[in-house]
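Everything below concerns the one structure shown next.
Order of the sequence lines sets the chain letters (A, B, ...), proteins ahead of strands, with each chain counted from 1. Everything numeric in this text was worked out from a predicted model, so none of it was measured.
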Amino acid sequence: MKRLSWTVLSLLAILALVLAACGGGAPAEEAAPTEAPSSGVSEEPAPATEAPGAPEAKEVTLKIGFTASVTGKYEVSSAAQVNGLKLWMDSVNEAGGIELSDGTVVTFDYIFYDDESNKERVQELYTRLATEDNADLLISPYSSGLTAAAAVIAEQYGKVMITTGAASDSTYQQGYTHVFQAYTPASRYLTGAVDLLASLDPNVTKVALVYENSKFSTSVVTAARDYAEAQGYEVVLFEGYDPETADFAPFINKIEAAGPDAILGGGHRVDGKAFAKQLYEKGTPIKFFALLVAPPEPEFAELGDAAVGVIGPSQWEPLAAFTPASAEAIGATWLGPLGNEFVSAFEAAYGDEPSYHAAGGYAAGLILEGAIRSADSTDPEAILAALNGMDLMTFYGHIKFDTSPENHGLQIGHSMVYIQWQRDASGNLVKQVVWPKEGATAEAIYPIR
Amino acid sequence: MILQVQGVSKWFGGLKALSQVTLDLPQGQILGLIGPNGAGKTTLFNVINGVYAPEEGRVIFMGQDVTGKKPYHVAHMGMARTHQIVQPLNELTVRENVMVGACFGRENHNLNEAQQIAEQVLEFVGLGDRADQFAGSLNVAQKKRLELARALASRPKLLLLDEVLAGLNPSEIASMIQTVSAIRDQGVTIIMIEHVMHAVMRVSDRIVVLDYGQQIAEGSPEEVSKNPKVIEAYLGDPKLAERLGRLSHD
Amino acid sequence: MRALRSPGLWLALALTAAAGAWPYFTGSASNREVAFTILLSVALASSLNILLGYTGYVSFGHIVFYGLGGYMGIYLLSERGVSLWLAVLAGGAIAGLLALLLGASILRLRGAYFALATIGVNEAARAFINNFQPFGGPIGMTLNFRLYDHYGGAARALWMVYGVMLGLTLLVILVSYLVKNSKFGLGLLAIRENEDAAEIMGVTAPQAKTWAYVLSAIFPGMIGVLFFFKNGNIEPHDAFRLHLSIEMIVMVMLGGYGTVLGPVLGAAGYQRLRGMLLVSPIFKNIQLAVAGGLLLIIVLFVPAGAVGWLRHRVPVLRKVLE
Amino acid sequence: MMALLEIQDLESGYGEVQILWGVNLSLEKGRLTSLVGGNGVGKTTLLRTITGTIKPWRGSVRFNGQEIGHLPAYRKPDLGVVLVPEGRQLFTDMSVRENLEMGATNSRARAHAAQNLERVFGLFPRLKERESQRAGTLSGGEQQMLAVARGLMAEPEVLMFDELYLGLAPVLVLNLFETLQQLKREGLTMLLVEQNVHMALSVSDYAYVMAEGRITLEGPAAEVAQQDEVKKAYLGI
Amino acid sequence: MSDILLPSLVDGLLLGFVYGIAAMGLSLIWGVMDVINLSHGPIIALGMFGIYLIFTNTGLNPYLALFVVALAGLLLGMIIYGVAVHRVIDAPHLSTLLATFSVNMIIIGIGTALLTTTPRNIDFTLGSLSVGPITVPWTRVAAAFATMLVTGLLYLFLYVSRPGKYIRAVANNRVAAELMGIPSARILALSFGLGTMLAAIAGGLIATFFPFTILSGGSYELKSFVICVLGGLGNPLGALFGGLILGGLEGLTPAFMPTTWVPVLEFGLFVLILLVRPSGLLGSKS
């Protein structure tokens, strides 16, 4: 085997040479793509974008590129997000587009690919969108993980990307300048729930933070813990569970042993539902229960009694009532439909009540629209500048971005609303907004058991 | 003595497959190993070349205790074997099969040398024109030759042949016997398990007979073929057969 | 070396190099990304082939090396500030080391037991990394965009990573070829065909298997670093995705296991096919089912894969299709 | 007398390797026939071809005048063609009784399973004692009895034995022999395929000698036993 | 600490029964034909959806719906065997692994297209049983009983009925079974059908207490591997014991370390057992 180790060594040496040689070999410039788009594009290529600012420009179609998770674990949320975006686009185009002061009319078109809910192809597809398909503006995929991969490409080609369905803070701490977040970041997902708890019962001191051991929930809960501790709460349990967990019984036993008054945490849809159901079946004595992601989904109602009293942070709720007046109150610009208009348009188009993912998709479109309107131009630099200076209010809520180099693009305007499942007079399960106080549609049930 | 087997016993579960087998083999001889089916002959081979570790006894090859050593150890020392149920490397060519023997056997050749050896050996066993065929496409007789070629390519000191004649027709048997003699004449010591008696009687210097895992006879071919115990083991007990005969004619 | 004059090697290398050079000619970043995905698959499939195709051991969890290598590399890049080159070598080294440790143990298992054990190893590694705080636990690690500035900015960095990937892929093919046509490789093939017979012929099987395992693990380790460097972040479920592991086997099977060219064609073909299905208006909703159906047909009717089938049917091609 | 099983010009083998080169053999009804020959001459291949484990290449296998060469193995017991295979091939993880039940799976035998069970327990009282014991734990002789008994449970019209006596102690051989005599008296047609020449020839009515995939000698067993060729073929003397 | 040990052990063991029945299906198929069925997970998920669809559309009691699902599982398995497995039953393991994996891809592909990945839940409850510190939903108790019942029936079938004995005979010695007149191809199809039936039942039982998606079967498939290795591949009763061991382990581990370490422990143990005793802690067929 002596010869073999030699072979291995020499291979490593060759490899080192190859690596070194390749280091200097990259083409110096990012040539504009010369290849015509190949087949397989889901939409007919729109006419090429006119050079911005050209005097003869009368009508410009801006192409929005994104990937969607048509298959795989993010399929449902991603589909809702895409539907929301399409609805926005249709409404703008049907209204005749955005008219700029120089008379140019801006309409939109979109192009998207399936990312299969996994990372292997995201960069390939976004590069294709950015270079070959000449997308002018980008929307993120669903989920923080896929978005992180897409952000590298958007930044590299200097394309503006509005992220939606991607709440992690870390993406906005990597020095990007073209990536803007429509969602309230993970770090503020549950802080409102802590405030809600404080307003409901000043005597509660013990909270348990339990979470799915995944990127999103861990970031949310870590921030929530710091916030809760700063508010003087005692965190009696801070523990994760594996993302594949279906059986929470032993975990719940552990929670009971720690004896918290309130539980905050959760993860995604499946585990959240399972957790809530089993916590109820175990009859765990708990006064307050806030759970990530799962509760705002309509199918959470399938849990029946187990859903009653569960609180969930939501990016947006159909009941939320933001109006031009509320925009005026904080000095922001108002844009787009009212909440109920959005809901009825969405129901007319797709037959379902919109989830907050759908609203997020629509909001991403509104953010682009707002930026173009305020830039009064389709020039990418101008749009970028407009986004940096944006202070917008829509049915989805307030939008404003952090522009510091450390957190560029992080959403700082928007905040979560908190819903709670309650029984209405006729005994049906309904979602009520319980926090913040200004938007509340009902008093929170407290304690829940 | 190139090989000494000292009091080797081997059990499979409750079954004693070999019981206190002892034999000494001087260099350059052909030892015939015979016995009815299930007598433990192949098991003895497996113990000698390290496929099985015996529960009792020792195997000493070229002065070294190789009891329980891995098959590749004894292969490197110069022991090669063929199998009763041929084990060709089907998806490799005939030449590559033989090269494996040359590369990893006693002399540890590189590929180029191995290829030359393979050509020679294949010529020697009469498979020269089939070198590029896949081994899986050979017929049984050819596969037997291939096994032999593989073993020879490792330039062994000791060669264990397990029923190389089975399934061959008389003329093939004759030529194989010549081949085996020629190998011995090159100084290779051979143990051959064989059922084709006239052949094994002709080429062997000595014969050991196993029955139920026990050595029931040992000696020159002549001595052994006259040994009543051997005749009984092979043809069945003539007395018993007689008794049966009487019964059947009652 | 006689081996280097074989048309089989040059065919595989030339095909890969030609496909790999395509983005340089067009200058299109989009082509480059497509080609990167294909090269990544070719390199992974060819590495796996050293174990699966030559040695006959079905590693279902081979992706563990890619994931672990990627993690090691990203850790060194983002937390320790080492250069990409060192990170790539370290990724390969840690993967090789794990294979060496595992090789001494799980390679004793045969057939389905080995396959199950590799799944177990991958899942254990994923679960472990999910709890391993230095690697970011469930959050993983994200590379700062400014890191790309060391390599001339993101645009140049991505071209550079592509160049390295191309070089690495060619190297994997070369290694795959050299292994197959070496004495070491002959021993592996003998083990694949019949491990017991091989040992009897003197092949030191435990050692040979372990080295084959190590060799087939080093490259995925390096590739993992490249991929996640390009990707900008790494998370446990992306790094240890069992599905990708099985896709690697599928690619090897499609092209023909145990051949040099097979995994190259199999990987390229598989990725093209998936790419087409993904954007096809008819199939995109059931592309997974269509891919499954095609795989089933291959397994049932062309088990030797495309190259293997050709080699059997047209013996003249054996010299060309290694 | 008529031939119950008639084999004509049968050729077969494995893959591309031909083993049988035109075998002719017939089993007269009610007769105990033996087929002897050294290792690897094709005896087992012949049995496998008859039972349908491998398909004949050319030639015919007729049973009661009906061609059965093409039928799959599991259809043969339905017709009454049953093999007691070499190495017993018992269901080692199942009980003795279950092994016997597995013998009686064909449609004809199933109806009489209870009587047949009593019959084989009568023939082999030893098996009755071990009824619920796992077959794998029986001694070699008991296993061979079980294999024979299992074959009988199928209500065979032709019962074939591959190496029945292999590895058995003389006293057991004697027992089995008596059983064969008994079966012959009951009119069962049997084929005994054996390496053990003396044993086979001493019990059979008629014998075939096989070498290299062909029948080289046939005749009444007593006559065949006298032929020096037979001894020569075995011991080379 | 000690006050949570008992309830956690009970919770774990109850779930262990269901793990056991899922693994039993995998183990049965392995035992009879040496095939590791990689479509096991999706079939478990189909079992979940079977119960869900019947319950939500007809309101039929889930435990009655289980009979329908079991029958459908049996048929599905026989079809899968005929289409995907029979041709490669004697091929190397790689072929059967990939053949069953392609079935996995087909089910997941079509399943995602038709059923989406929205988490579903059966709004069905039997309330909870409380004894001292132990509170367990009746659905779990019922699932444990169902498992014991199914296991009992399975053993009765395998040891008393004729087809069951044929299955054991084919598993034990396929050549001899053919020689005895047992049509082995049909028996293999039946065995595969039974294996998938057990998977479907497991899925149905799980659906009565956990929410699920079409992808949910995957983790039970992985757990089934672990269990089979614990209990010995090819040994159905061993699978039940293996399931109880795993369930117990999952129940007790969180008392001693962070819950997220459970899978590390599980798979670490899995590899360790494979290395030390590939035939499983409880042995398997020889």
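E:Pro263 approaches C:Ala127 most closely through the heavy-atom pair CB-CB, 3.7 Å. Minimum interatomic distance between C:Leu296 and E:Ala99 (heavy atoms only, all atoms of both residues): CD1-O, 3.8 Å. Summarising the geometry of C:Gly292 relative to E:Ser102, their closest heavy-atom pair is O-CB, 3.1 Å, with the distance given to 0.1 Å. When every heavy atom of C:Gly120 is checked against every heavy atom of E:Phe267, the shortest pair comes out as O-CB, 3.6 Å. Between E:Leu94 and C:Met253, the shortest heavy-atom contact is CD2-SD, 3.5 Å. In plain terms, the two heavy atoms of C:Leu300 and E:Ala84 that are nearest each other are CD2-O, 3.4 Å.
In this structure, the side chains of E:Asn104 and C:Ile246 stay at 4.5 Å or more apart for every pair of heavy atoms. Side-chain contact between E:Phe270 and C:Leu116: present, with at least one pair of heavy atoms (C-beta onward) separated by less than 4.5 Å.
Comparing C:Ala117, C:Ala112, C:Gly293 by heavy-atom pairs within less than 4.5 Å of chain E, the highest count is held by C:Ala112. Between chain E and the residues C:Ile119, C:Val250, C:Leu295, the largest count of heavy-atom pairs under 4.5 Å involves C:Leu295. Contact tally against chain E (heavy-atom pairs below 4.5 Å) for C:Thr118, C:Val299, C:Asn131: the top residue is C:Asn131.
Checked against the 6.0 Å centroid criterion, the rings of C:Tyr113 and E:His93 do not qualify as a close aromatic pair.
Using a 4.5 Å cut-off between heavy atoms, C:Leu109 touches chain E through its side chain atoms alone. Residue contact with chain C, scored on non-hydrogen atoms closer than 4.5 Å, is absent for E:Val35. Contacts of E:Leu274 with chain C are made by both backbone and side-chain atoms, with heavy-atom separations under 4.5 Å. For chain E, the nearby part of C:Leu242 is the side chain; its heavy atoms alone come within less than 4.5 Å. Using a 4.5 Å cut-off between heavy atoms, E:Leu38 contacts chain C through its side chain alone, with no backbone atom that close. If you measure heavy-atom distances from C:Ala125 to chain E, you find no contacts under 4.5 Å at all. Neither the backbone nor the side chain of C:Asn130 comes within contact range of chain E; no heavy atoms are under 4.5 Å apart. Neither the backbone nor the side chain of E:Ile107 comes within contact range of chain C; no heavy atoms are under 4.5 Å apart.
C:Ile249 contributes atom CD1, which lies 9.0 Å from atom CZ of E:Phe101 (distance to the nearest 0.5 angstrom).
Residues of residues 44-66 of chain C placed with any heavy atom under 4.5 Å of a heavy atom in chain E are listed by number as C:Leu52, C:Val58, C:Phe60.
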Just do the side chain to side chain contact (heavy atoms under 4.5 Å, CB included) check on C:Leu288 and E:Thr112 with the steps written out, would you? CA-CA 9 Å; C:Leu288 193 64; E:Thr112 308; 5.6 Å; no

Determine, step by step, whether C:Phe128 and E:Trp261 satisfy the side chain to side chain contact (heavy atoms under 4.5 Å, CB included) criterion, reporting the C-alpha distance in whole Å, the side-chain angles of both residues, the deciding distance to 0.1 Å, and the verdict. CA-CA 7 Å; C:Phe128 176 75; E:Trp261 283 90; 3.7 Å; yes

